[in-house]
Amino acid sequence: MIEATREVDPELACPIAPVVDIVFSRWTTPILWTLNEFGRQRFGELERRITTITPKVMTQRLRQLERDGLVVRTYYAGVPPRVEYEISDLGRSLAPLFATLAEWSVNLDKVEEARRVYDARNKSA
């Protein structure tokens with residue numbers, strides 16, 4: 001008897017999918033990495049360290065990271081007022097994951113070689 005195919009909730013099919021969506025959204029990793037490496041920073045400091053991100057996108061990502069509990073935003077009233085961002089304890093708990101990924105980066109040369117071989121093999125396709 002052939003079993004009918006059932007639709008499976010993607011989160012149940014791959015339980016890390018929601019984690020990947022949170023942690024590896026565009027710009028999330030560079031922001032968290034920078035805050036983890038350099039500590040509490042103001043918006044302008046983050047912009048100088050992550051030079052290819054626009055202010056609008058930086059604002060959106062920081063708000064989402066704050067909402068997700070990975071970044072803490074502190075507002076200081078004064079003249080002029082200032083805002084600082086820092087990685088939260090929850091965000092810091094990702095450090096082992098980032099360390100593992102950094103270790104794995106030694107394989108990037110192998111990835112590039114595999115791509116060259118693939119592209120050469122499929123050049124005429």
Side-chain angles (χ1 to χ4, degrees):
M1 176 181 211
I2 299 174
E3 190 175 316
T5 38
R6 297 179 294 155
E7 275 196 39
V8 177
D9 182 347
E11 291 183 13
L12 297 176
C14 180
I16 66 167
V19 176
V20 170
D21 287 345
I22 293 167
V23 177
F24 297 108
S25 298
R26 179 108 170 121
W27 300 114
T28 296
T29 308
I31 291 170
L32 291 176
W33 182 273
T34 301
L35 290 173
N36 190 57
E37 287 294 305
F38 299 100
R40 181 182 303 148
Q41 295 177 62
R42 295 175 73 173
F43 189 91
E45 293 171 302
L46 279 169
E47 270 189 311
R48 283 189 291 280
R49 289 198 163 100
I50 308 171
T51 58
T52 53
I53 191 170
T54 66
K56 177 184 175 185
V57 172
M58 175 84 79
T59 298
Q60 291 170 340
R61 293 310 313 148
L62 285 168
R63 284 183 183 154
Q64 185 62 51
L65 289 168
E66 182 182 10
R67 182 174 181 255
D68 291 340
L70 301 175
V71 166
V72 175
R73 178 185 184 270
T74 306
Y75 175 81
Y76 297 95
V79 180
R82 75 180 202 273
V83 175
E84 293 180 340
Y85 298 91
E86 63 184 310
I87 193 166
S88 69
D89 289 340
L90 181 60
R92 204 170 283 108
S93 72
L94 293 166
L97 171 64
F98 290 153
T100 300
L101 291 170
E103 287 173 22
W104 191 87
S105 71
V106 301
N107 293 299
L108 291 176
D109 289 343
K110 293 175 187 171
V111 171
E112 284 301 316
E113 179 59 24
R115 288 175 178 170
R116 280 192 293 277
V117 168
Y118 178 90
D119 291 345
R121 187 175 60 231
N122 294 293
K123 198 175 229 179
S124 61

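For clarity, every value in this text was computed on a predicted model and none was experimentally measured.
- Considering all non-hydrogen atoms of both residues, Ile31 and Leu62 come closest at CG2-CD2, 3.9 Å.
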Candidate pair Glu113 and Arg116, rule salt bridge (Lys or Arg N to Asp or Glu O under 4.0 Å), full reasoning: CA-CA 5 Å; Glu113 179 59 24; Arg116 280 192 293 277; 2.9 Å; yes

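- Considering all non-hydrogen atoms of both residues, Leu35 and Tyr85 come closest at CD2-O, 3.5 Å.
- Atom-to-atom distance recorded for Ser25:OG and Asp21:CG is 6.0 Å, nearest 0.5 angstrom.
- The only option from Gln60, Glu66, Arg67 that meets the side-chain contact (heavy atoms from CB on, under 4.5 Å) definition with Gln64 turns out to be Arg67.
- Leu32 CG to Trp27 CH2: the interatomic distance, rounded to the nearest 0.5 Å, is 13.5 Å.
- Distance alone, capped at 3.5 Å, is enough to place a donor-acceptor pair between the Asn107 side chain and the Trp104 backbone.
- The neighbour count for Arg63 CZ, taken as heavy atoms of other residues, nucleotides or ligands under 6.0 Å away, does not exceed 12.
- Proximity of Val117 to Arg121: side-chain heavy atoms (C-beta onward) are separated by under 4.5 Å at one or more points.
- Of all the heavy atoms in Arg49 and Gln41, the pair that sits closest is NH1-OE1, 2.9 Å.
- Here the shortest heavy-atom pairing between Ser88 and Val72 reads CB-CG2, 3.7 Å.
- Using modelled atom types, one side-chain atom of Glu45 and one backbone atom of Arg42 make a donor-acceptor pair closer than 3.5 Å.
- A distance of 14.0 Å separates NZ in Lys123 from OH in Tyr118, rounded to the nearest 0.5 Å.
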Stepwise side chain to side chain contact (heavy atoms under 4.5 Å, CB included) test for Asn36 and Arg92: CA-CA 7 Å; Asn36 190 57; Arg92 204 170 283 108; 3.8 Å; yes

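- Here the side chain of Thr54 pairs a donor or acceptor atom with the backbone of Val57 at under 3.5 angstrom.
- Proximity of Leu70 to Ile22: side-chain heavy atoms (C-beta onward) are separated by under 4.5 Å at one or more points.
- Val111 and Phe24 fall into different hydrophobic clusters, where Ile, Leu, Val, Met, Phe, Trp and Tyr residues are linked whenever their side-chain heavy atoms come under 4.5 Å apart, directly or through other members.
- Here the side chains of Thr28 and Trp33 are not in contact, with every heavy-atom distance at 4.5 Å or above.
- Between the OG1 atom in Thr52 and the CD atom in Glu47 there is a gap of 11.0 Å [rounded to 0.5 Å].
- When side chains are defined from C-beta on, Ile53 counts as touching Ile50, because their heavy atoms get closer than 4.5 Å.
- Under the side-chain hydrogen bond (donor to acceptor under 3.5 Å, both in side chains) criterion, Glu103 pairs with no residue at all, not counting sequence neighbours.
- Here the CD atom belonging to Glu112 is positioned 7.5 Å from the CG atom belonging to Leu108, to the nearest 0.5 angstrom.
- The two residues Asp68 and Leu90 have their closest heavy-atom pair at O-CD2, 3.8 Å.
- Of all the heavy atoms in Pro81 and Tyr75, the pair that sits closest is CB-OH, 3.3 Å.
- In the hydrophobic cluster analysis, where Ile, Leu, Val, Met, Phe, Trp and Tyr join through side-chain heavy atoms closer than 4.5 angstrom, Tyr76 is grouped apart from Val83.
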Side chain to side chain contact (heavy atoms under 4.5 Å, CB included) evaluation trace for Leu46 with Phe38: CA-CA 10 Å; Leu46 279 169; Phe38 299 100; over 6 Å; no

